[in-house]
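One structure is given here, and the rest of the page talks about it.
Throughout, a chain's letter reflects where its sequence line sits, starting with A, and its residues are numbered from 1.
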Number of protein chains: 2
Amino acid sequence: MAKIHEVAEAAGVSISTVSYALSGKRTISAETRRRIEQAVRELDYRPNAGARMLAGRRTNIFALTEPFRADTYAPAHMAFVLATSIAARRYDYDVLLLTEEQASAGMRRVARSGLADAVLVLDVAPDDERVELARHLDIPSVFVGVPNDHDGLVCVDLDFEAAAGLAVDRLADAGHRTIGLLGHPAAAYHRSNFPPRVRAGFERRARERGLADTVELPEFGGARRVAVRAALGVLLDRGVTGIVLHCDEEAHVAALDELAARGLRVPDDVSVVSVGSTFDTSSMQPPLDVLPLVPQASCDLAVDLAMQLLSDAVPPPGVRLVAPVYHDHGSVAPPGRR
Amino acid sequence: MAKIHEVAEAAGVSISTVSYALSGKRTISAETRRRIEQAVRELDYRPNAGARMLAGRRTNIFALTEPFRADTYAPAHMAFVLATSIAARRYDYDVLLLTEEQASAGMRRVARSGLADAVLVLDVAPDDERVELARHLDIPSVFVGVPNDHDGLVCVDLDFEAAAGLAVDRLADAGHRTIGLLGHPAAAYHRSNFPPRVRAGFERRARERGLADTVELPEFGGARRVAVRAALGVLLDRGVTGIVLHCDEEAHVAALDELAARGLRVPDDVSVVSVGSTFDTSSMQPPLDVLPLVPQASCDLAVDLAMQLLSDAVPPPGVRLVAPVYHDHGSVAPPGRR
DNA sequence: TTGAAAGCGATACCAA
DNA sequence: TTGGTATCGCTTTCAA
């Protein structure tokens with residue numbers, strides 16, 4: 001592996017000139033820069049990561065903490081990991097994956113050994129052990145998700161509350177007076193930070209719009225579809241004509257199946273809006289209106305903030321909410337014959 | 001962050017003694033070791049990663065290349081990423097995630113910058129661009145999966161062919177004479193390295209046992225269940241009484257639903273065995289016999305091999321196949337009334 | 001616009 | 001069993 005010394009020699013300059021040419025922290029004459037770039041190319045030179053970490057201030061690595069649990073919903077989490085990785089590469093950063101059970105141990109280890117410049121915290125629980133740790137870490141961190149106690153933290157997330165509110169608005173505007181929320185299993189409301197926010201947004205806006213609302217949280221488990229069917233039954237028994245879905249893909253499919261099985265058409269008989277989904281609802285049967293959760297949006301912003309935290313223009317702590325966008329696929333209509 | 005110098009001072013020894021005490025590469029007197037360990041604990045010392053990379057030979061980092069594609073089946077892939085991470089931690093190694101589209105670029109970058117000691121290659125395609133690159137990389141690599149051309153490579157994987165063979169054996173032993181394979185969508189047989197191996201194992205053993213066999217590869221897409229239903233129809237029309245499943249969880253569920261919808265009971269009317277699944281088939285309705293793909297088994301072995309490649313006892317290249325294990329959950333019985 | 005040289009914080013060789 | 005120190009390959013300050 002070529003070293004900076006060889007590049008300098010090949011270009012006929014000193015190693016410091018090579019270093020500055022590569023980092024851009026000094027103005028280099030066009031001719032010199034050209035020769036250096038050529039030497040770099042010919043030698044396929046890449047600065048040694050260890051040397052760079054040691055001499056410079058940067059590791060060019062983000063630690064990504066995402067404690068995988070048995071009940072982790074893989075597709076969504078993987079989407080976030082991928083989005084983070086892509087976002088990081090925009091700044092020539094790599095991502096070190098921390099998946100340990102005890103997330104704190106990994107964060108502490110990485111921070112104290114100077115392996116990463118910052119920590120990106122995913123899969124945030126309402127009451128997350130990493131919150132307290134983040135406050136005392138010697139490197140900055142950005143949370144993708146909003147824990148209950150986020151004092152002094154930098155957080156990024158979709159504005160789930162607003163998303164749920166917009167979904168309710170859409171139904172209310174279409175004339176629905178009785179609506180329902182089909183949510184995640186109850187346990188998710190303690191484990192994840194966003195289901196409660198969707199629920200709160202749903203209930204608040206329903207109240208504001210004077211709608212009758214019902215929330216059902218079908219359980220996971222062997223007979224998932226049975227639970228979804230029962231939940232839908234409850235909603236329909238209460239006269240619900242508009243449904244907000246905030247659950248995983250499987251529950252979406254099960255709900256649509258159940259509506260079809262009952263002979264209810266969307267949107268003629270029942271209107272449906274999906275909130276905070278990471279999967280594609282536009283190719284479902286029927287396509288569903290959705291206010292999606294876009295991992296890349298949150299992760300791009302999170303990485304941008306991390307970079308700022310590493311600069312001299314440190315942004316203030318606080319929660320940055322990404323505005324939800326409504327995608328119309330024709331699953332909402334005025335209440336029908338039911 | 002404490003440095004080795006401070007530890008040495010606190011323990012009243014030289015920095016080299018501290019270094020040796022921590023690496024265990026030298027015998028240290030019990031008393032000295034005790035004092036050093038105490039100093040380390042009190043200062044919460046962790047060696048600086050960059051300095052270690054530069055001075056030592058090791059980065060203590062594995063690069064994990066897994067090019068996420070749109071059609072990637074997230075749960076399985078995430079399971080492998082997690083298993084790799086866990087396996088790596090056993091040796092105090094961290095995992096750097098390479099997800100870039102052009103996997104080769106990431107591998108080359110990491111290798112040339114000395115960011116990782118070895119590369120673990122996941123999600124291996126039959127004809128994988130990373131194969132050729134791995135041969136010319138300056139750091140060793142281990143493939144989790146077996147590409148067609150694996151000459152000179154170190155590969156680890158479940159013995160899918162044997163697994164399919166054992167599934168066929170089980171059905172044949174129970175008396176089935178006409179069996180079917182419900183596989184992944186056709187495209188998967190070009191994209192992934194293992195579906196063809198399952199198919200080959202299935203067909204070969206069926207031939208050896210003198211069974212009539214049919215292979216159906218239902219497509220993905222909007223109406224997944226429809227495709228699975230049609231495929232099952234074909235198999236049943238051909239008089240199949242024993243079915244081998246090698247497909248994702250959704251297809252499993254769809255297949256079982258379809259059997260139930262047709263009034264066929266498992267195993268009374270139809271016997272079913274799942275091959276190479278990473279999800280839990282024992283809690284399905286009904287529970288299914290399975291020869292599972294256990295990510296931790298492959299990944300532990302892969303990491304063990306990577307560590308050996310970094311040692312002076314370099315193992316020879318070649319394919320290491322993990323023996324499949326049959327889990328009986330009562331979904332196979334002698335052919336019934338059909 | 002460029003160069004020389006002092007670190008960065010470990011590892012491991014050479015001595016003692 | 002322990003210590004002194006050259007060395008790893010870069011970044012960055014100080015000079016020119």
Side-chain angles (χ1 to χ4, degrees), chain A residues 1-37 39-40 43-61 92 109 111-117 138 310 312, chain B residues 1-37 39-40 43-61 92 110-117 138 310 312:
Chain A
M1 290 185 275
K3 314 164 200 263
I4 196 172
H5 177 77
E6 307 174 39
V7 175
E9 196 155 290
V13 296
S14 71
I15 64 166
S16 62
T17 300
V18 174
S19 177
Y20 281 119
L22 262 45
S23 69
K25 293 183 181 176
R26 210 189 226 184
T27 45
I28 305 288
S29 75
E31 169 57 13
T32 303
R33 149 158 288 127
R34 199 195 54 67
R35 291 214 313 279
I36 291 176
E37 282 169 355
V40 165
L43 295 169
D44 192 14
Y45 169 76
R46 292 279 315 186
N48 178 279
R52 225 161 122 170
M53 289 188 194
L54 186 55
R57 268 290 180 78
R58 297 298 180 79
T59 65
N60 273 53
I61 292 177
D92 199 28
R109 176 169 54 79
R112 290 209 66 84
S113 65
L115 225 190
D117 294 332
D138 0 52
L310 296 173
D312 25 74
Chain B
M1 291 184 275
K3 315 162 197 263
I4 196 171
H5 177 76
E6 307 173 39
V7 175
E9 195 156 290
V13 296
S14 72
I15 63 166
S16 61
T17 300
V18 174
S19 177
Y20 283 119
L22 261 45
S23 69
K25 292 184 180 174
R26 209 189 227 184
T27 45
I28 304 288
S29 75
E31 169 56 12
T32 304
R33 150 157 286 126
R34 200 195 52 68
R35 291 214 313 279
I36 292 177
E37 282 170 355
V40 165
L43 295 169
D44 192 14
Y45 168 76
R46 295 274 319 184
N48 177 279
R52 226 162 124 169
M53 289 186 192
L54 186 55
R57 268 290 181 78
R58 297 298 180 78
T59 65
N60 274 53
I61 293 176
D92 198 30
V110 163
R112 289 207 67 83
S113 66
L115 226 190
D117 294 333
D138 3 50
L310 296 174
D312 26 74

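If you check the side chains of A:S14 and A:T17, you find a donor sitting under 3.5 Å from an acceptor. A donor and an acceptor atom, one from each side chain of B:T32 and B:S29, are located under 3.5 Å apart.
Between the side chain of B:S14 and the base of D:dG4 there is no donor-acceptor pair of N/O atoms closer than 3.5 Å. In terms of polar N and O atoms assigned as donor or acceptor, the side chain of A:T17 never comes within less than 3.5 Å of the base of C:dG3 in a complementary pairing.
Taking the side chain as every heavy atom from C-beta outward, A:V40 and A:L22 approach each other to under 4.5 Å. Within the 4.5 Å cutoff, side-chain heavy atoms of A:I61 are placed close to those of B:L115. Side-chain contact between A:S19 and A:I4 is present, with at least one heavy-atom pair separated by less than 4.5 Å. A:N60 has its side chain within reach of A:R52: a pair of non-hydrogen atoms, C-beta onward, lies under 4.5 Å apart.
Atom NE2 of A:H5 is separated from atom P of C:dG3 by 13 Å (rounded to the nearest Å). In this structure, B:L115 atom CG and D:dC10 atom C1' are separated by 14 Å, rounded to whole Å. As a whole-Å value, the separation of B:K3 NZ from C:dT11 C1' is 17 Å. Atom pair B:E6:CD and C:dC8:P shows a separation of 12 Å (rounding to whole Å applied). The separation between A:I4 atom CD1 and C:dA5 atom P is 16 Å, rounded to whole Å. In this structure, A:M1 places its CE atom 14 Å from C1' of D:dC10, rounding to the nearest Å. A:R35 places its CZ atom 14 Å from the C1' atom of C:dG3, with the value rounded to the nearest Å. A:E9 has its CD atom 15 Å from the P atom of D:dG9, to the nearest Å.
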### Message
Would A:R112 and B:D44 count as a side chain to side chain contact (heavy atoms under 4.5 Å, CB included) here? Give the steps.
### Response
CA-CA 8 Å; A:R112 290 209 66 84; B:D44 192 14; 2.8 Å; yes

### Query
Given the rule in the side chain to side chain contact (heavy atoms under 4.5 Å, CB included) test, do A:R58 and A:L310 qualify, once you have shown the distances and angles that lead to the verdict?
CA-CA 9 Å; A:R58 297 298 180 79; A:L310 296 173; 3.8 Å; yes

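Phosphate proximity of C:dT2 to A:T32: present, with a side-chain N or O under 4.0 Å from OP1 or OP2. Not one side-chain nitrogen or oxygen of A:S16 sits closer than 4.0 Å to the OP1 or OP2 atom of C:dA4.
Residues of residues 45-58 of chain B having a heavy atom closer than 4.0 Å to DNA chain D, listed by number: B:L54, B:A55. Residues from residues 24-31 of chain B placing a heavy atom under 4.0 Å of any atom in DNA chain C, listed by number, are B:K25, B:R26.
With D:dG9, C:dA5, D:dT5 as the candidates, the nucleotide lying closest to the side chain of B:I15 is D:dT5.
Applying the side chain to side chain donor-acceptor pair (under 3.5 Å) test to A:S113 and every residue at least two apart in sequence or in another chain returns nothing.
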